[in-house]
Amino acid sequence: MKFIISFLLLLSSLALPQLMYKEIEFINFPFFSIDIKYYIIINLVLIFLLAFFLTLIFKKYHYSFNELSRRFIYIAILNHIIYLLYVIFSFVIISPFLSFTFKLASFIALLYLHEELCFTDKKDTKILVPSIIWNFYLTLVTLSIFIINS
């Protein structure tokens, strides 16, 4: 029961920013960017995997924050806050520079999360690889949007 509740809480908190996504008509996009519909689908799949993965980590440590590395928890929370700011600056305020800045910070925070997880269990880090690749692609897209529209 704890597993299901913690999974649903993580999933809802991670998927909530998906409601802010919308088509942006007046910004020029690079040729290698994908349609917003596919963007949302890929993000939802990766968010589902990330929520499931984090819930498995919490279950492995018996939902005890004392056993789980505090640095891991801080980095995970920081990554989530930066992701929320990225969505706000990309789809609500629509600032290409701040969008790129927070996407780059989100990518770096995800790399730190991956590194911190390597210290606890190298086997668990494999599930973060698709998310790292996706975030790298989105960092390139937001950099391109910033350069094209400045």
Side-chain angles (χ1 to χ4, degrees), residues 2-60 68 71-150:
K2 279 184 184 180
F3 181 81
I4 294 171
I5 291 172
S6 60
F7 172 71
L8 290 176
L9 283 173
L10 275 170
L11 184 64
S12 63
S13 71
L14 290 171
L16 187 63
Q18 300 290 321
L19 299 175
M20 292 187 227
Y21 289 168
K22 61 182 178 183
E23 296 269 349
I24 303 171
E25 301 295 327
F26 58 88
I27 286 187
N28 297 321
F29 290 94
F31 68 93
F32 57 89
S33 64
I34 62 172
D35 191 32
I36 190 78
K37 294 173 218 125
Y38 301 119
Y39 175 81
I40 292 172
I41 291 170
I42 292 170
N43 260 355
L44 285 175
V45 169
L46 289 175
I47 284 171
F48 181 82
L49 285 175
L50 187 63
F52 186 72
F53 170 69
L54 289 174
T55 308
L56 285 177
I57 297 251
F58 292 145
K59 182 180 178 187
K60 181 191 272 185
L68 196 58
R71 185 173 170 194
F72 174 80
I73 295 169
Y74 292 148
I75 293 171
I77 291 171
L78 179 69
N79 193 9
H80 184 59
I81 291 170
I82 291 171
Y83 175 70
L84 286 172
L85 289 171
Y86 160 71
V87 170
I88 289 169
F89 286 119
S90 294
F91 298 101
V92 178
I93 297 175
I94 307 173
S95 169
F97 174 70
L98 291 174
S99 175
F100 167 67
T101 304
F102 282 105
K103 182 39 88 179
L104 183 62
S106 175
F107 178 66
I108 292 169
L110 188 62
L111 289 177
Y112 278 129
L113 186 68
H114 184 268
E115 176 189 353
E116 185 63 31
L117 199 56
C118 280
F119 292 127
T120 57
D121 192 2
K122 290 187 186 254
K123 178 176 76 169
D124 289 339
T125 61
K126 292 178 183 165
I127 200 153
L128 282 179
V129 172
S131 188
I132 290 172
I133 293 169
W134 178 244
N135 271 292
F136 179 70
Y137 168 74
L138 290 180
T139 304
L140 292 178
V141 168
T142 54
L143 174 65
S144 301
I145 290 171
F146 170 64
I147 290 171
I148 289 172
N149 292 292
S150 7

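Just so you know, these numbers come straight off a predicted model, no measurement behind them.
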**Asked** Which of parallel (below 30°), tilted (30 to 60°) and perpendicular (above 60°) describes Tyr86 and Tyr83?
**Response** tilted
**Prompt:** Who are the side chain to side chain contact (heavy atoms under 4.5 Å, CB included) partners of Ala109, not counting sequence neighbours?
**Reply:** Asn79, Ile82
**By side chain to side chain contact (heavy atoms under 4.5 Å, CB included) - contacts of Ile81 (at least two apart)** = Ile77, Leu85
**Prompt:** If every non-hydrogen atom of Leu128 is compared with every non-hydrogen atom of Leu110, which pair is closest and at what distance?
**Reply:** CD2-CD1, 4.3 Å
**Item:** Any side-chain heavy-atom pair of Thr142 and Pro96 under 4.5 Å
**Value:** no
**Item:** Single hit among Ile42, Ile41, Leu138, Val141 for side chain to side chain contact (heavy atoms under 4.5 Å, CB included) with Ile34
**Value:** Ile42
**Request:** Could I get the full list of ring pair (Phe, Tyr, Trp, His ring centres under 6.0 Å) partners for Tyr112, not counting sequence neighbours?
**Result:** none
**Item:** Minimum-distance pair of heavy atoms, taken over all atoms of Tyr137 and Ser33
**Value:** OH-CA, 3.3 Å
**Of Phe89, Phe97, Phe102, the residue whose pairing with Phe146 passes ring pair (Phe, Tyr, Trp, His ring centres under 6.0 Å)** = Phe97
**Request:** Take the angle between the ring planes of Phe136 and Phe107 and call it parallel below 30°, perpendicular above 60°, tilted in between.
**Result:** tilted
**Fill in**
Applying side chain to side chain contact (heavy atoms under 4.5 Å, CB included) to Leu104 and not counting sequence neighbours gives Phe100, Ile108, Thr139
**Asked** Rounded to the nearest 0.5 Å, how far does CG of Asn43 lie from OH of Tyr38?
**Response** 15.5 Å
**Message:** Test: side chain to side chain donor-acceptor pair (under 3.5 Å). Region: residues 93-105. Which pairs qualify, not counting sequence neighbours?
**Reply:** Ser90-Ser99, Lys103-Asn135
**Asked** Do Ser144 and Phe32 come within less than 4.5 Å of each other through their side chains, counting heavy atoms only?
**Response** yes
**Complete:** For Phe31, the side chain to side chain contact (heavy atoms under 4.5 Å, CB included) test, sequence neighbours excluded, returns none
